[in-house]
Amino acid sequence: MATKRKQRMIFVIVLISGFAAATALALFAFQKNLLYFYSPSQLAEAGITQDQLFRLGGLVVEGSVVRMPDGITTQFSLTDLQGHVGVQYTGLLPDLFREGQGIVAQGKLNADGLFVAQEVLAKHDENYMPPEVAEALKAAGGEHPVSIPKTTVK
Amino acid sequence: MFTFLHKFASPQYFYAWSASWQKWSSILAVLLMSVGLYYSLLNSPADYQQGETVRIMYVHVPAAWLSMFGYMVMASAAIVTLIWRIKVAEIMIGQCAVIGASFTALALITGMLWGKPMWGAYWVWDARLTSELVLLFLYFGVIALSGAFDDERAGARAAAILTVVGIVNIPIIHYSVEWWNTLHQGPTVSKFDSPSAHPSMLIPLLIMALAFKAYFFALLFKRARAELLLRERNTSWVKALLKDTE
Amino acid sequence: MNDFFHMGGYAFYVWGCYGLTAGVLLANLIFATMRRKRILQQIQELSEED
């Protein structure tokens, strides 16, 4: 009886570890495809060609947002604190879009190296606090909580 | 030790001791839910970035945590089922799956309602959202397998194997926001040294999370007890029990 | 009070989430209660056949 239970125990352990190993291998192999976006400094290594549709994520550089005369086109610069990419977008921006905010844009690079976005999504960070606390933090000169899009995968 | 475990988990004993557990977890759920709702809707501040939508967090995050917690409870029952063939554990698998699926769906839909105003999209195929959707399909698969056999015990074993295989998805959901670039933000609370939420928001979140867990156990016991009566209907203890209540 | 229902302009999203949550909590409870009733009835019928 005890040996039967032992056999089942081994079966469960083999099942779990076998499946975990297979999944880990698969995820590792498809790692690139699991990235939701590239950051500006990853662009060079990513080998992205002109007219290829991809997503770009980063922080909107403070003071870089320019509204075009047509009223609905916006230009701004996107950074991950290492690289910069200029972005142009025509359309309504999400409520959270502002300078210093993390965003993810989908679009293509044009001939001048300007990223022409078809869609802009705001990426908020994991910090939650009342406005007064955020003000106090800012006033104290402490680091204002901004999300720096991670670039863990090289 | 295992003889003790067998006795403790014998259907008759389980039915007896789970009655008070069901009662107390129900009471706890009602109390915590009342306090949690008071804090999350009336006595917590708006967020400096997200304004009033931060209140969605107090139901979205507990639902998402419960979707994974419920899976871990189901996985424990599955392992016990596969190794020790304990009847109560077999019943737990199917019941966990129904509750877990409903909370996974809730987490996904409240997430969509939060994503639209803040991100600008209801749905994106990033690693976090996709792996949580896979969790919903795993729950559906377990529910389907539990009922797919004429022999309930064979169904439970098939469902247990799928559950055990699917465990691998849980760390993927949790770490998806750290392993890959995602639109979904990183973890707020699991950084125990310094959670990134202000205490005035962390407290309602944690109270609601506990309320959801208490509700889960209350419901799990309620469902499992009913199911147990059905499967044990031909035993003398069920017949005696039902005679008494008549 | 109006502010409370207005939710800073996000009333649909915030109240939608709380409404759905209430719906899931209640529906789970109602289904479980109905299932228990049906099971007890079923056992009763089976025992009467004997």
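By convention in this document, chain letters (A, B, ...) are assigned in the order of the sequence lines, proteins followed by strands, and residues within each chain are numbered from 1.
- Contacts of Ala121(B) with chain A are made by both backbone and side-chain atoms, with heavy-atom separations under 4.5 Å.
- Taking Asn169(B), Val165(B), Ile79(B) one by one and counting their heavy-atom pairs under 4.5 Å with chain A, the maximum is reached by Val165(B).
- Closest approach of Phe37(A) and Asn181(B) over heavy atoms only: O-ND2, 2.7 Å.
- For the pair Leu183(B)/Arg55(A), no side-chain contact is recorded, criterion being any heavy-atom separation below 4.5 Å from C-beta on.
- For Ala134(A) against Tyr48(B), the heavy-atom pair with the smallest separation is CB-CD1, 3.4 Å.
- Of the two parts of Met201(B), only the side chain, counted from C-beta on, holds a non-hydrogen atom closer than 4.5 Å to a non-hydrogen atom of chain A.
- Between Ala46(B) and Pro131(A), the closest heavy-atom pair is O-CD, 3.3 Å.
- Only the side chain of Val54(B) comes within contact range of chain A, with heavy atoms under 4.5 Å apart.
- We find the CG-NE2 distance between Asp47(B) and His124(A) to be 9.0 Å, quoted to the nearest 0.5 Å.
- Considering Ile161(B), Thr81(B), Ile83(B) as possible partners of Val12(A), the one that fulfils the side-chain contact (heavy atoms from CB on, under 4.5 Å) test is Ile83(B).
- What you find for Trp180(B) and Leu27(A) is that their closest heavy atoms are CH2-CD1, 4.0 Å.
- The minimum heavy-atom distance linking Pro94(A) with Met118(B) is given by the pair CB-O, 4.1 Å.
- Taking CG of Leu15(A) as the reference point, atom CG of Leu82(B) lies at 8.0 Å (rounded to 0.5 Å).
- The shortest distance between side-chain heavy atoms of Tyr128(A) and Gln49(B) does not fall below 4.5 Å.
- Side-chain contact between Phe11(A) and Val164(B): absent, with no pair of heavy atoms (C-beta onward) separated by less than 4.5 Å.
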